[in-house]
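Okay, structure first, notes after.
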Amino acid sequence: MTMRVVIAGSSGLIGSALRRSYELDGHTVTRLVRRETQSPHEIRWNPGSERLSSAALDGADVVVNLAGASIGQRWTANHRRAILLSRTTTARTLAEAIAGTTRPPRVFLSASGIRFYGVDRGDELLTESSAGAQDGFMPKVAHAWEAATRESTVPVCHLRLGLVLSQHGGLLARMLPIFRAGLGISPGSGHPFWSFLSLTDAVRAIRFLATHPQAQGPYNLTAPNPVRSRECVDALSAAVGARTTLPIPVPVLRLVMGEVAAEAIGSLRVVPNRLAEAGFTHRHPDIASSVRDALT
Ligand SMILES: NC(=O)c1ccc[n+]([C@@H]2O[C@H](COP(=O)([O-])OP(=O)(O)OC[C@H]3O[C@@H](n4cnc5c(N)ncnc54)[C@H](OP(=O)(O)O)[C@@H]3O)[C@@H](O)[C@H]2O)c1
């Protein structure tokens, strides 16, 4: 059956891969864009300043929110505001528009992140039943982001995304040129757990939830086997032939990247229990195959 899918944040890493995947399979994708529209499949919106007409979402099967200002730049006071508001206002605007539809979507899939569980939980195994924590900026953002969907009148899935691996964006894309030059860099001690996910599995998991009749609530979008950051670095080094590994101490990272460094390298060992219970199987359950996927 052909679906009509509405995506916000469709120009981003995950949004553009999701859009391509749906379009390749013949589904109709409507993109919410913040610029002038360039095709009949685009609708302009201005989240934060204007309400979105419910007509934009009327008759859609699923609405997916993947919008948010980048967290990969220095967290000045202005940028912190942008990180928070670009997530809460998009989620709220979509939830309110959904509430006004006459033919509502079955489900609203709204991005969140594994920082919902806090900055650093050591070796603790974290499932969707684990308590959240608000001990840092991104954890607070994740909580506000999820709360911002509360006006939705249809079931909401909060996509608690882990570190999505792709050569086209995110942390791995930033590290890759250094690794390709032959130098593996290992942020911090190498001991913290990194909960990653291949971009292919991120798209597959979102599509899985979009058609699952009971999907609702939080879902950890991570691979089932989180590894210590050193193992991530080793897998990437092996894949691109980097020979030396240089540990970068946390104070140096802080100096170069600012506060984002401390939060980005905290240990979170998150597993996707609810996806597994719902019957989802990962194509790339381990770090080696996820890195291979990221480089293809
Ligand atoms: N990639 C990861 O590893 C990861 C991990 C955890 C959580 N997430 C979250 O998942 C979502 C999608 O991730 P991604 O990697 O695809 O992000 P991305 O590549 O940075 O794309 C995010 C998209 O959000 C829109 N956007 C940017 N600034 C905005 C603003 N000020 N206001 C409203 N929209 C804005 C843009 O799309 P338009 O120009 O089309 O509007 C942009 O392409 C993000 O919210 C991200 O925080 C990602």
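Note: hydrogens, waters and symmetry copies are ignored here, and every other heavy atom, side chains too, is used. Atoms within each ligand, like the ligands themselves, are counted from 1 in listed order. Model, not experiment: these values are computed from the prediction.
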| task | Could you tell me whether Gly113 and ligand 1 have an N or O pair separated by under 3.5 Å? | result | no
For atom 28 (N) of ligand 1, the closest protein heavy atom turns out to be Ala69 CA, 3.5 Å
Quiz item: How are the rings of Tyr22 and His27 set relative to one another: parallel (under 30°), tilted (30 to 60°) or perpendicular (over 60°)?
Solution: perpendicular
the protein heavy atom lying closest to atom 21 (O) of ligand 1 turns out to be Gly12 CA, 3.2 Å
Could you tell me whether Tyr219 and His158 have their ring centroids closer than 6.0 angstrom?
no
Checking heavy atoms under 4.0 Å, the part of Arg87 that sits near ligand 1 is side chain
Q) Counting both backbone and side chain atoms, is some N or O of Ala67 under 3.5 Å from an N or O of ligand 1? A) yes
Open item on the list: Does either side chain, that of Arg207 or that of Ser21, offer a donor lying less than 3.5 Å from an acceptor on the other one?
Closed with: yes
To atom 41 (O) of ligand 1, the nearest of Arg81, Glu42, Arg34, Arg35 on a heavy-atom basis is Arg34
N/O donor-acceptor pair under 3.5 Å between Glu128 side chain and Arg274 backbone: yes
Inset, instruction - Please answer whether the main-chain N or O of His191 pairs with a side-chain N or O of Arg228 as donor and acceptor at a distance below 3.5 Å. - result: yes
Nearest heavy atom to atom 12 (C) of ligand 1, choosing from Leu66, Leu163, Leu165, belongs to Leu66
Logged contact type for Trp145 with ligand 1, heavy-atom cut-off 4.0 Å, is side chain
Asp234 and Ser237: side chain donor to acceptor below 3.5 Å: no
So for atom CG, which belongs to Asp25, do other residues, nucleotides or ligands contribute more than 12 heavy atoms lying within a distance under 6.0 Å? yes
Ligand 1 to Val164, heavy atom cutoff 4.0 Å, flagged ligand atoms 1 (N), 2 (C), 3 (O)
| request: Check the angle between the aromatic planes of Phe208 and His212 and answer parallel, tilted or perpendicular using the 30° and 60° thresholds. | output: tilted
The closest protein heavy-atom partner of atom 19 (O) of ligand 1 is Leu13 N, 2.8 Å
query: Any sub-3.5 Å donor-acceptor pair from Ser86's side-chain atoms to Ile83's backbone N or O?
result: yes
Atom 10 (O) of ligand 1 has as its nearest protein heavy atom Leu161 CD1, 3.4 Å
One finds that the ligand 1 atoms under 4.0 Å from a non-hydrogen atom of Ser10 are 40 (O)
Out of Ser70, Gly162, Gly170, Gly48, the nearest non-hydrogen contact to atom 4 (C) of ligand 1 is supplied by Gly162
Closest to atom 31 (N) of ligand 1 among protein heavy atoms sits Ser86 CB, 3.6 Å
Min over Ser11, Ala82, Ala202, Gly68 of heavy-atom distance to atom 20 (O) of ligand 1 lands on Gly68
Note: Ser112, heavy atoms under 4.0 Å from ligand 1, region reported as backbone
Is any side-chain N of the basic residue among Arg269 and Glu124 closer than 4.0 Å to the acidic one's carboxylate O? no
Is there a donor-acceptor contact under 3.5 Å linking the side chains of Thr127 and Asn220?
no
Among Ile14, Leu32, Ile7, closest by heavy atom to atom 48 (C) of ligand 1 is Ile14
